[in-house]
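The structure appears right after this line, and notes come after that.
In the text below, chain A, chain B and the rest are named by the order of the sequence lines, each starting its count at 1.
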2 protein chains.
Amino acid sequence: MLELAILGLLKEQELHGYELKRRLTQMLGLFSSVSFGSLYPALSRLETAGAVQAVDTPPATPPIPATGSLSGELAAFRTRHGAARGGRGKKVYQVTPRGEDLFEELLAADTQSSEDERQFRLRLAFARYLPPEARLGLLERRRALLVERLAQARAGVRGGRERLDSYTRSLFEHSTESTERDISWLDRLIAAERTQQRRNRPPGPRRRPRPRGVSTTAAPAPPEFPSTPAPTATSPAAPAPSRKDVHS
Amino acid sequence: MLELAILGLLKEQELHGYELKRRLTQMLGLFSSVSFGSLYPALSRLETAGAVQAVDTPPATPPIPATGSLSGELAAFRTRHGAARGGRGKKVYQVTPRGEDLFEELLAADTQSSEDERQFRLRLAFARYLPPEARLGLLERRRALLVERLAQARAGVRGGRERLDSYTRSLFEHSTESTERDISWLDRLIAAERTQQRRNRPPGPRRRPRPRGVSTTAAPAPPEFPSTPAPTATSPAAPAPSRKDVHS
DNA sequence: AATTTCATGTAATTCGTTACATGATTCC
DNA sequence: GGAATCATGTAACGAATTACATGAAATT
């Protein structure tokens with residue numbers, strides 16, 4: 001998870017750990033913060049795995065002005081070269097081709113396990129790097145999961161004998177409402193995605209171009225979009241195709 | 001976290017692990033599932049700590065019908081007595097007085113750290129066990145946190161140079177909107193809570209009855225409710241005091 | 001010169017998961 | 001008597017956190 005986020009940010013720009021943390025925290029500001037205690041080890045792992053590497057910063061600073069100041073020159077040396085690697089200088093990282101592959105792999109992996117809220121958001125934030133089909137799959141899996149949860153939550157409440165106290169009830173109602181909103185938001189995204197895909201593959205005589213056997217783990221059954229899997233007030237009337245926004 | 005949830009459920013009803021898991025999963029259905037691999041160890045810890053204990057089920061089943069069946073009697077024995085504790089019989093737990101204390105303690109603890117969504121929801125679900133002031137504190141701290149996050153997210157986006165692609169943008173907008181809704185939901189809860197507290201402590205001559213020095217960790221400054229900590233569109237016009245629901 | 005902020009890292013701990021292993025009960 | 005379900009537990013592992021330790025650069 002952290003690896004994916006790091007690689008994603010590093011793809012766009014070379015960064016060092018400290019700055020990376022700031023961006024992650026802000027980017028994940030919508031989900032959570034990241035601590036140095038997890039960031040640096042993650043960076044080390046990635047470096048060991050050959051997914052990222054410290055860049056040789058070309059000395060934009062005057063190349064050794066030879067001021068005679070031993071400590072100054074030493075500091076400059078440490079910052080830019082060897083010692084910086086092992087010592088305390090700033091280490092600016094970049095992704096390697098190996099890292100690009102890893103990124104793709106991590107992004108495509110459909111863990112779908114618990115604590116997926118962050119996972120999903122993270123993947124969506126990097127959705128532009130996904131092939132269109134995988135993108136749709138991501139959105140649809142998420143939608144299915146939310147619909148499922150909603151149904152279960154409602155069943156649980158209806159099945160449960162004990163009436164809830166006001167706090168639990170309020171929590172339940174608010175959560176339910178939020179999930180419904182999430183679902184219809186996903187519906188809009190999915191609709192936009194479909195529109196977009198139709199536009200880019202316009203005069204295709206075959207409706208479904210038979211998905212090439214790439215990822216075996218995802219979507220064995222066709223999407224079957226508007227056939228509300230749960231009958232209970234899931235699709236909010238109409239998907240409201242107001243926003244026709246296309247990525248970037 | 002898990003301990004708190006277990007104690008809270010066990011407070012209302014004696015349960016065994018398997019059933020506990022089912023209820024937890026459903027209750028946390030709004031947040032997440034729980035695995036046996038974490039549930040049983042948690043139960044063991046609580047038992048070791050003397051917070052819960054296996055109940056001596058009074059033999060509602062006919063007390064040893066003396067059928068001559070050795071294995072049958074052995075099984076019955078195991079289910080109800082000694083061996084059941086160490087062996088494989090159903091173990092029904094109840095909270096001890098010690099456990100009640102632990103529950104109060106865990107519930108009152110204001111961890112406020114990361115992964116607090118679940119924490120907050122769990123605490124709110126048990127809010128009826130909190131003293132009114134602590135309840136208000138819980139809601140207000142949550143609100144403050146969301147407001148703070150919202151402000152930071154907006155600042156981050158405005159500060160960031162790179163324009164976001166459509167997915168990130170949509171994610172950001174949706175998250176922002178959700179958070180705003182959460183905040184105004186909290187506003188309603190807080191307002192209801194205040195109304196409720198005024199009603200129960202009606203003709204008090206002193207407005208603020210000088211909080212007794214109990215918890216040092218929370219709310220050193222007075223609540224200062226409607227003074228929007230972040231100026232940016234936080235309070236949604238009016239708190240809309242439509243629902244006057246009081247707990248249970 | 002001192003303090004703050006930037007910057008990198010390690011160690012111990014927390015809290016949970018998945019996978020595995022086993023036994024008891026119920027139903028066909 | 002065999003399968004599904006109920007029920008309890010252990011072992012190995014995972015991902016992140018907090019606390020600690022250190023040092024370099026910028027600011028006052």
Side-chain angles (χ1 to χ4, degrees), chain A residues 1-6 15-25 28 31-48 54 61 71-80 83-93 106 109 111-116 118-119 122, chain B residues 1-6 15-25 28 31-48 54 57 61 71-72 74-80 83-93 106 109 111-116 118-119 122:
Chain A
M1 240 232 43
L2 229 193
E3 261 95 345
L4 176 62
I6 290 172
L15 294 168
H16 56 271
Y18 197 83
E19 179 65 21
L20 206 41
K21 190 217 147 138
R22 183 183 294 143
R23 306 233 179 169
L24 279 173
T25 299
L28 313 187
F31 15 152
S32 123
S33 182
V34 181
S35 67
F36 288 119
S38 48
L39 177 63
Y40 285 118
L43 268 174
S44 298
R45 282 196 303 274
L46 286 173
E47 191 175 25
T48 304
T61 44
S71 69
E73 278 180 28
L74 184 62
F77 175 79
R78 263 200 301 253
T79 300
R80 290 195 314 274
R85 297 296 112 77
R88 287 297 171 133
K90 217 190 271 189
K91 275 168 84 176
V92 176
Y93 289 100
L106 289 176
T111 47
Q112 191 72 297
S113 71
S114 54
E115 192 46 80
D116 39 5
R118 284 150 59 121
Q119 298 252 137
L122 190 57
Chain B
M1 242 230 45
L2 228 193
E3 262 95 345
L4 177 61
I6 290 173
L15 295 167
H16 59 269
Y18 198 82
E19 179 64 22
L20 207 40
K21 190 215 145 138
R22 183 185 293 144
R23 307 232 180 168
L24 279 173
T25 301
L28 313 188
F31 14 156
S32 121
S33 183
V34 181
S35 67
F36 288 119
S38 50
L39 176 63
Y40 285 117
L43 268 174
S44 299
R45 281 197 304 275
L46 286 173
E47 191 176 26
T48 304
T57 35
T61 45
S71 67
L74 184 62
F77 175 78
R78 264 202 300 255
T79 301
R80 288 197 314 277
R85 296 298 110 78
R88 286 299 171 136
K90 217 191 268 192
K91 275 168 85 177
V92 176
Y93 289 100
L106 289 175
T111 47
Q112 191 70 298
S113 70
S114 54
E115 192 46 79
D116 40 5
R118 283 152 58 122
Q119 299 254 134
L122 190 57

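Residues satisfying the side chain to side chain donor-acceptor pair (under 3.5 Å) test with B:Ser38, not counting sequence neighbours, are B:Ser35. Listed by chain and residue number, B:Phe36 satisfy the ring pair (Phe, Tyr, Trp, His ring centres under 6.0 Å) test with B:Tyr18 (two or more places apart in sequence, or in another chain).
Side-chain contact between A:Glu47 and A:Leu43: absent, with no pair of heavy atoms (C-beta onward) separated by less than 4.5 Å. A:Leu2 has its side chain within reach of A:Leu24: a pair of non-hydrogen atoms, C-beta onward, lies under 4.5 Å apart. Annotation: side chain of B:Ile6 is not in contact with side chain of B:Leu15 (no heavy-atom distance under 4.5 Å).
The phosphate of D:dG9 (OP1 or OP2) has a side-chain N or O of B:Lys91 nearer than 4.0 angstrom. Considering only side-chain N and O atoms, A:Ser35 lies nowhere under 4.0 angstrom from the phosphate OP1 or OP2 of D:dA16.
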Please list, pair by pair, any protein nitrogen or oxygen found under 3.5 Å from a nitrogen or oxygen in nucleotides 11-13 of chain D.
none

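Listed nucleotides C:dA7, D:dA7, D:dA16 differ in distance to B:Tyr40; the shortest reach to its side chain belongs to D:dA7. With C:dA7, D:dA7, C:dG16 as the candidates, the nucleotide lying closest to the side chain of B:Leu2 is C:dG16. Closest to the A:Tyr93 side chain, of the nucleotides D:dC6, D:dA16, C:dG9, is C:dG9.
Atom CE of A:Met1 and atom C1' of D:dT17 are 14 Å apart (whole Å). In this entry the distance linking CG of B:Leu122 with P of C:dC15 reads 13 Å, nearest Å. Between A:Leu46 atom CG and C:dT8 atom P the separation is 15 Å, expressed in whole Å.
Side chain of A:Lys91 to backbone of A:Gly17: no donor-acceptor contact under 3.5 angstrom is found.
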